[in-house]
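Below is one structure; the comments refer to it alone.
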Amino acid sequence: MPKIKLPDGKNLHFKNKVTGFQIAEKISKSLSKQALIISVDGELKDLSFEIEKDCTVKIITSKDSEGLDAIRHDTTHIMAMAVQEIFPGTKIAIGPAIKDGFYYDFSRKEPFTPEDLEKIEKKMREIVEMDKPTRREVWERKRAKDHYKKIGEDYKVQLVDSIPGDEEVSVYYHGKWYDLCRGPHLTSTGKIGKFFKLTKVSGAYWRGDSKNEMLQRIYGTSWPSKQELEDYLKRIEEAEKRDHRKLGKEMDLFHFREESPGSVFWHEKGWNLFQKLISYMRAKQDEAGYKEINTPEILDRSLWEKSGHWEKFGANMYTSTTPDEKVFAIKPMNCPGCVQVFNQGLKSYRDLPLKMSEFGKVHRYEPSGALHGLLRVRAFTQDDAHIFCSEDQITEECLNVTNLILEIYRDLGFENVILKYSDRPDLRVGDDNVWDKSERALLEAIKVSKLEYSVNKGEGAFYGPKIEFVLRDAIGRDWQCGTLQVDLNLPARLGASFVDKDGSKKVPVMLHRALFGSLERFIGILIENYAGKLPFWISPLQTVVIPVSSEFDNYAKEVNKKIKKNGISSEVDLKNHNLNYKIREHSLSKIPILLICGKKEVDSNTVTIRRLSSEKQENMDLNLFLKKHSALSKAPSN
RNA sequence: GCCCUUGUAGCUCAGCUGGUAGAGCAAUUGAUUUGUAAUCAAUAGGUCCGCGGUUCGAAUCCGUGCGGGGGCACCA
């Protein structure tokens, strides 16, 4: 006599055991049609699952994220089924639902081609059309293993082995085809509907381990309605339009070339943007009490050995041997150099906290497959700083850093910032009481900031806990930028000390922090966030003056001169092209403001303004324009 | 680094099954003097990514190296 409690608090009573489907039917006919799976006391089950005891249930439909996952999980099973039907002998590994879709990993000698994907998709539609019922069977563990061994499904054998001992080994049949799976699954192959699409093939290591063999992964996406599928595809298209590599070319900001993979060739405009960010940061950091320094790019091997980089980071380091056989490393981080600046001369507790910033260009030999435009490069400029302080200054300094980061992100248009806090890893140096202290200090800073944060247990650096600052962009993507780490190790390794009140020498605590992280990366993010339409103040070229015809060249030149004199970066376009052409060209290269000058403007000493992505025309007195825009052309803090 | 894929003019791309290359835009020159997203014409422009091989003959086929892209792994 199970008593079934529903999400709205109502209870349903049944005389005998009851299935999820029957419960849904009892609630309403429409719900029974929409029902995909069921949650029983928080556990997801098939609709055919028989409930015998009292419990709380929720019927899951495609409106629930679990329902969406179930659809995708079913879709990937159907894909695997299609693959094995078309390409007999293909072995199957795993196939989960993921964000926005699903994948399945296969083992097969020949690579899947785009035509194969089409074939597979077609076959999937046939399978959906046949609408075969799903059936769950529980197999005895040994039977499952022997069976999969017999049919040569090596990966399934391994998967059976990794199912925890207290869990049932279940197999789902979709018609004749079956797969080892925990479930739950929809009641039949027709349930997933028509709105799926296979998107790409790629390689993936078995169990995500690069020591293992590489499998072929087919990705796809699946949605409950045509609209949602189309929206998703549109979203992908939108993201592609924002690709900073494409926009960077169109806006003439930078390029890459073969001679130096992963290193940026900055063009005039890109470099202007780069420098603007730096001078903005300089002003901010100056205000916050930082002293800017600069340290060598190339340092002797011995320093890196002392700091521990040679051992821990060596695989990512460029080295250089001189004609006289000395070995130097090109710095992958700024910290050792900065500590050496601290070490020069005697420091007193009165000097603390000592905040040293450095726009240091670092080089890291990243794996070739990791490179990605500006977002993952081999040479980048960090807006780095190291704060030397005493232990009791940690919290306050962390808080200062957090506030500075938030302020800067806000100025650049990012309001949504999430923190990721990582505490002590298993492999670490330093006493536990010091860790207690630094973790407490960092957490305290996070709490005061009142920001949303997640905890990554045991993911801290070997020398201390850390916070990572993740910002969310205009289309909802997360980017990790800033970082703040408490380091109780490096200062000691490199012999840093200060004279305390009592005259004794003490080792300072060092906070590593970067706000943007890497200027290169941040610029990539900025471009994508704004889809190239950068805020006026940060645009490398803020206005272009366009004469309606060459008759007005002189006036246009004069306007341009005045604009530049007011600190706005501007160019005048005197080329022999018509107005339409010039407007198109400069709009495509994302110039925020175009100023049109013709007879009307000359006569009234005005300009006609056309702003990027607006067709509205606005006629304005030239002096008024200058007055209004010269302030806007500067960084917010200046 | 690994799997797949890709590399033709400054850019975007065409070039079927092998017969040493083509378009549009950009550039240059000329005409045009234009009022809010491409004016017209002419000219010039190429180690078809590098190296090696097969072939009478390679942009095309094979091998290899390098670069790009999508993933995986890495990084954070």
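Within every chain, numbering begins at 1; the chains are lettered A, B, ... in the order of the sequence lines, protein sequences first and strands thereafter. Predicted model only: the values in this text are computed from it and were never measured.
Distance noted for atom C1' between B:U8 and B:A21: 8 Å (whole Å). Taking atom P in both B:A27 and B:C16, the straight-line distance is 31 Å, to the nearest Å. B:U12 and B:A26 have their P atoms separated by 15 Å, given to the nearest Å. On the C1' atoms, B:U54 is 12 Å away from B:G18, given to the nearest whole Å. Distance check on atom P: B:U60 versus B:C3 gives 23 Å, rounded to whole Å. Spacing between B:A58 and B:U47 at atom C1', rounded to whole Å, works out to 14 Å. If you take atom C1' in B:G22 and the same atom in B:C40, they sit 23 Å apart, rounded to whole Å. Rounded to a whole angstrom, the distance from the C1' atom of B:G15 to that of B:U33 is 41 Å.
A salt bridge is absent between A:D209 and A:R207; no separation between the charged side-chain nitrogens and carboxylate oxygens falls under 4.0 Å.
Residue contacts for A:H586: at a heavy-atom cut-off of 4.0 Å it reaches no nucleic acid atom on any strand shown. At a threshold of 4.0 angstrom between heavy atoms, the contacts of A:G517 with the nucleic acid are absent. Looking at heavy-atom distances under 4.0 Å, A:R245 makes contact with sugar-phosphate atoms alone, never a base. At the heavy-atom level, A:Y205 lies under 4.0 Å from base atoms of the strands shown. If you check every strand for non-hydrogen atoms under 4.0 Å, A:L588 touches a base. Residue A:E601 is classed as a base contact, given a heavy-atom separation below 4.0 Å to a base. As judged by a 4.0 angstrom heavy-atom cut-off over every strand, A:K249 is placed among residues touching the sugar-phosphate backbone only. Counting any heavy atom pair closer than 4.0 Å across all strands shown, A:T608 reaches a base atom. Residue-level contact check: A:R217 touches the backbone only, with heavy atoms under 4.0 Å from sugar-phosphate atoms and none from bases. Note on A:P367: a base of the nucleic acid sits closer than 4.0 angstrom, heavy atoms only. In this structure, A:F256 reaches neither bases nor backbone, as no heavy-atom distance under 4.0 Å exists between it and the strands shown. Note on A:S210: only backbone sugar-phosphate atoms sit closer than 4.0 angstrom, heavy atoms only; bases stay farther off. Looking at heavy-atom distances under 4.0 Å, A:K211 makes no contact with the nucleic acid at all.
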Checking side-chain hydrogen bond (donor to acceptor under 3.5 Å, both in side chains) for the pair A:Q382/A:N334: CA distance, chi angles, key distance, verdict? CA-CA 8 Å; A:Q382 293 183 310; A:N334 301 303; 3.0 Å; yes
With ring pair (Phe, Tyr, Trp, His ring centres under 6.0 Å) as the criterion, how do A:Y104 and A:F102 come out once you've worked through the C-alpha distance, each side chain's angles and the decisive distance to 0.1 Å? CA-CA 7 Å; A:Y104 213 112; A:F102 59 86; 9.3 Å; no
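Among all heavy-atom pairs drawn from A:L273 and A:L534, the shortest one is CD2-CD1, 3.9 Å.
Searching all strands for a Watson-Crick or G-U wobble partner of B:A9 with both distances below 3.5 Å returns nothing. Base pairing analysis places B:A44 opposite nothing; no Watson-Crick or G-U wobble pair with both distances below 3.5 Å involves it. With both pairing distances under 3.5 Å, B:C72 is matched to B:G1 as a Watson-Crick or G-U wobble pair. Of the nucleotides present, B:A31 is the one that pairs with B:U39 by Watson-Crick or G-U wobble criteria, both distances under 3.5 Å. For B:U20, there is no paired base (Watson-Crick or G-U wobble, both distances below 3.5 Å). Base-pair partner of B:A59: not found among the strands shown (Watson-Crick or G-U wobble, both distances under 3.5 Å).
If you check residues 97-105 of chain A against RNA chain B, you find no residue with a heavy atom closer than 4.0 Å.
Ring to ring, A:H267 and A:F254 are not that close: their centroids are 6.0 angstrom or more apart. Taking the centre of each ring, A:F380 and A:H363 stay at or above the 6.0 Å mark.
Side-chain atoms of A:S570 come within 3.5 Å of backbone atoms of A:T543 as a donor-acceptor pair (strictly under, hydrogens ignored). Side chain of A:N529 to main chain of A:L526: no donor-acceptor pair is present (N/O by atom type, distance under 3.5 Å, no hydrogens or angles). Under the 3.5 Å distance criterion, the side-chain polar atoms of A:W479 are left unmatched by any main-chain donor or acceptor of A:R472.
Heavy-atom nearest nucleotides on RNA chain B were determined for A:Q617 and for A:Q216, and the one closer to the 5' end corresponds to A:Q216. Along RNA chain B, the nucleotide nearest to A:E468 and the one nearest to A:R584 differ in position, and the one closer to the 5' end is contacted by A:R584.
Inspection of the A:D105 and A:Q216 side chains reveals no N or O donor paired with an N or O acceptor under 3.5 Å. Side-chain atoms of A:S550 and A:D553 form no donor-acceptor pair, as typed in the model, at a separation below 3.5 Å.
Judged by a 6.0 Å distance limit and a 45° cone about the ring axis, A:R257 is positioned over the six-membered ring of A:F265.
In 5' to 3' order, the nucleotides of RNA chain B bounding all contacts with chain A (an atom under 4.0 Å from a heavy atom) are B:G1 to B:A76.
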